[in-house]
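Below is one structure, written out as structure tokens; comments come after it.
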Amino acid sequence: MTRELLNPRERFGLLVIDEPQDRVPVYPLVTSRAARVLGKTVREYCTDGITMARCQLAAQDRFGHDFISLFSEVGLVAEALGSAYDYPEDDVPMLLRPRWRGLPEESDLSDVSDPSDGRVRMFLSAVEYAWEARSDTVPVLAFIPAPFTTAQQLVDPEEFLLGLLTAPEQAKGLLDWVTRATVALTRKVIEAGGLPVFVDPLASGSVISGEQFREFALPYEAGVIRFCHRYDLDIILHVCGDGGPVIDLLPETGADLLSIDLIGLDRAIAAAGGRCRVVGNFPTTQLWLASPAEVGSAAGEMVRQGRACPKGFVAATGCEVPHDTPDENIDAFVAACREAGTNRAFGQQS
Amino acid sequence: MVVPDLSFDGWAEKFASLPDELMAQHYYYRAQQARLGRVEPWSYYMFPPQTFALYGAKHLKRLSFDSSLAALRMWGFVQNETERLYRARQLGMKVVATMGDLGAVPVLVNAFPGCVPFYPDCTWWTPFVQESKVLFDAATRLGIGDATCYSRAALGAFAKHSYFPDPDLVVASTGASCDDYSGVEQLAAGIAAETLWVESPWRKGCATCGTGFAVEPGTREFLSAEYRRVVERLGRLTGHKPTDADLLAAIRKTNLVRSKTGRLRDYGYVQAALPALEMMVVEFGCLHYYADIDEWTNILDDLLRTCEQRVRNGERVAAEDALRVVWITPPADPLFLCHFEKRGARIVGTEYVINQALVPIAERGRPLDALAGSFLQASLIGSSRERADLAVTQARERGAEGAVISGILGGSHCAMESHLIAGRVKEALGLPVLQFDVPEPAREVNQQLGTRIDAFLEVLAGRRSQTGQTSRTRRTSPTGIP
Amino acid sequence: MTHLPVDELRQRRLAELADLRRQGPKVIGWFYPGAPVELVRAAGATPVRLARGGYAAETRGLRWLRADACPFVLSTLGNFELDPLFRLVDAVLTVNTCDTMRRAGEAIAHEFDLPVFELYLPRTSEPLPHRVAEFERQLGRLADELAAFTSQTVTEERLRAEMAREAHTRGLVTELDALRGEDKPQVSETDVLDMLALAGLLEPEELDRTYRTYGPDRADAQAKPRLLLAGSIIAEQDRWLVEAIEERADIVADSFVPADTEAPAAATALESLAAYHFRRIPDITRRPNGRTVELLARRARERRAQAVLYKTLLYCDPWNFEVPRIRAALGLPLLHLDGNYSDENRGQVQTRVEAFLESLEK
């Protein structure tokens, strides 16, 4: 790969202070897919922090994208708060048994000022390792499940969604509690060197309505993002799935960058691009199954459209890169996005 | 009573308990934003080291910090400078890169409304703060390789267009200054849109006069003529023609900073009220005030209040019996200052190649002549002996027990001066001198160098026990503070 | 050209200078082109160039300066103990051509207790009136200092005469240099460097006689690859590389021959002298230095150079930093050799040069 003028950290640094970059940052969400780069199983990747970090570093070396992404799945906080997970050999951890059958009472909610159980320590060690190894040149993103998604994994999912309708205040009590735990974990992540990315897939339009998002997801996303803004951090909020019902609401969370999935890019930019940088949103299935040429062509088109975003654009996939995505497809995506996203005027002084 | 320092993790703890209202009080470009009728969220700056470490400033994790809120405020402000320069451009201000002279030309820039000066020279710390050779590699591709001064990072920064906005004007001072940086300026001129060259005259044959160097009138007039060109060029850039009153007002603002810095030097080096690391940041604030002279002045006031309180309370940041050393030439890696203090030493004086930025500027007579006169007190434009004597004077006054000269392999003035300066210190005061070259960016002080430093401090301790001397009788500083 | 008997002339001149000193006149050493030798002569002193180099002297210099100091300055200090010419001078004249040379004077004064005359030449090269005037003032100051040292006032008439003599000397050098423009150059770089060395040693009239006596004579000249030689100062004991190159190639231009010989006319001699030295090129250390880069490009073009041999001393920042820029400006293959006066890696250097020359021949 030819040497570029800026490294990813420099490029991201310009993006978040509203300055033009040499090209758009390129971000296929290579998360657990990174395990393949070092020949590790997904279980190894998701349960050992050093392995996770080393896989991410190797993936960044291999594909040349612009971010390190430390993420296994959305159960990290829920597991720390008492839900049980299964660890398949070649898939991400799966919810085995939520902590509660129904919405808990307030008396069930214990102190959460120091969430260290489950895989939290593992995760923090991944963050520390990646930070030490590469944070001078590549931003290290640490994915943290947002409160709504976490809450839905602490309670039987159907009971939880029903509870939004039948016992909303009780649901909010749980969400407040989860938010406190999430903030506590976020603080640890920041201190370990990770830039928090909040993921809230279970708050997407694929699961709940826009009104429910406004009442039960938005305030809590805003709470954790507000905490991060105390540190002047630039926060990505990732809500995959159907973004249509929620796109107009997402900027109200205070997120600085919105990572979107199933929604037209032009619509997302129109709704949110004046206030937030847009991250997205190449279809992951297409990345997985199409030919490299098709991927390259479509990615280039996406970037040409995305560059119109007034606040800035990151050329990304809509969600995590599937495990079986061929290397050459990821290469094609990165190459096409770089080419289409190049700013030839950068550094040319008048 | 010794006030303990705060580690990187310690600051994380402390920051977590700070109220939001405190951070909302401190923001930069107040005057400009007042005209706009709003305070932009991006202009707040009181954030902890963790924030900047997350954006690449890894070295902050290795340092020890002063525990005061004033210091936190200072660090947030200083670390925020890159963004501040870009925001200045976004606010419609002109961004002027001043190079080489370390302290004079920004005074002129500040006489023009809507102009902000900065020194690309100060990016020499960036590779160390980031523990990264990115800027050095960029400089190498342009012709400046290893075994040269770390100020070559400035060339890398110009090439990268991402460490500061492309300046509207570069004012490059060269002359009786180091060859490395003169080379950096020459190559940077090939990248910048426009470079105005300014001469830094050679201060020759001036006898030391009191606490300063006697200035030859002809040389001062020459430099004054150079500054006139700068004023004319800035005038064309901004459409503003400053009067002598405008220039004097800028001088007075600068003198306020220099005077407060002088008092802080007293507090830090005489009273041990601030650690060496923060003191170095304070001293270098006199160069371009970290791109906002008004807010920097406020921060200095905050630091002064902290020091005043500490002195009132009988608090110090180092033990009374800490070994006293003067430090000559700023270490590119700030970790060394922390390292020395952790090993039981205390910096009681400095010669950081910026004497010209510390001395007051005369407020009578023609402003440009006055500025020229102050610049002619510069550390590097005269003889090495004169420079050595700046350190010797402080060492003598403050009972220094040793001297440290930190250099850079291949740095031109280091190669020529170090032995001469060491010789002068030994000749004048009979003090042991440790010379070492700051290695390339690393997480920690390497073992070999650590051993040399320990051995040096052992020598100082041994000499002290032989002479039976412990702490010095506290002297009354020029500020009258006991 | 039949080679100039430099060593023989040097020995003879050494004896003459020793005699001269015994009679009273002062001998003042200078180092780098740009020293106003006209002024030294006008003050009744005899200028001699001190540009010996040598590894033994460089090593000796480590007693006073760090190992990462310029080898030329290290060897200069060392030669004040080793070389008879250096030990003979009554004083030295330094010019701040680079910051290292600026500081060298202090080191010399401190270690050898020699009077050092320091001439300040503004490093900024744009000939703005106030800058040239300042330089003229500094020259005037130097003239007064020299006069106090020699007890001989520098008069207008005397200075003009010395400027004419020095212009004639420069003319000889450039006349010799011009002969390198031919297809089969009658003159080698060794000849030009010898001429420059003698110009810094002999009285102008003696140089003229020597030049006329030995005149160009290269009947056996063959067409070989044509090179431009540029870079740091080449001292007398650093010539082995030039000689080795010239067995396989012709060095048809360099960065040592002055571009101009005559000082511009002016109301006073001092004004004229200031105008000449202020604008003198080549000088890579001035800022900006575009005129020097353009000069080298022009020389390469006019002399039909096929490649550049770029020789720098370790830690010589002014020349070392300019490699990419000069490579781009000249648009020719360029071999960069960086080193000190040690001859331990001569074999390696020669191999590199040979490989480079072979690549040109293909």
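Just so we're on the same page: letters track the sequence lines, and every chain starts at 1.
Atom OG in S162(B) sits 9.0 Å away from atom CD1 in I17(A) (nearest 0.5 Å). Of the inter-residue distances, the one linking Q130(B) atom CD with R9(A) atom CZ reads 4.0 Å to the nearest 0.5 angstrom.
Counting only heavy atoms from C-beta outward, the side chains of E191(A) and F8(B) never approach each other to under 4.5 Å. Contact annotation: the side chain of V134(B) approaches that of E10(A) to within less than 4.5 Å [non-hydrogen atoms, C-beta and beyond]. By the 4.5 Å heavy-atom criterion applied to side chains, D232(A) and W42(B) are not counted as neighbours.
For the set T82(B), D9(B), L18(B), the entry with the most heavy-atom pairs within less than 4.5 Å of chain A is L18(B).
Taking a cutoff of 4.0 Å between a charged side-chain nitrogen and a carboxylate oxygen, R89(B) and E19(A) do not qualify as a salt bridge. Under 4.0 Å is where a charged nitrogen must lie from a carboxylate oxygen, and between R187(A) and E13(B) at least one such pair does.
When heavy atoms are compared at a cutoff of 4.5 Å, A138(B) does not approach chain A at all. With a 4.5 Å cut-off on non-hydrogen atoms, L233(A) touches chain B through its backbone and its side chain both. Contacts of F227(A) with chain B are absent, with no heavy-atom separation under 4.5 Å from either backbone or side chain. Residue Q21(A) does not touch chain B at all, counting heavy-atom pairs closer than 4.5 Å. Contact of D234(A) with chain B is made through backbone and side chain together, with heavy-atom distances under 4.5 Å.
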Pair E128(A)-K58(B), salt bridge (Lys or Arg N to Asp or Glu O under 4.0 Å): steps then yes or no: CA-CA 11 Å; E128(A) 284 163 3; K58(B) 290 162 71 173; over 6 Å; no

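When all heavy atoms of D18(A) and R87(B) are compared, the closest pair comes out as OD2-NH1, 2.9 Å.
Heavy-atom proximity under 4.5 angstrom to chain B picks out A133(A), R134(A), S135(A), D136(A), T137(A) from residues 133-142 of chain A. Residues of residues 44-55 of chain B that come closer than 4.5 Å to chain A, counting heavy atoms only, are F47(B), P48(B), Q50(B), T51(B), A53(B), L54(B), Y55(B), ordered by residue number.
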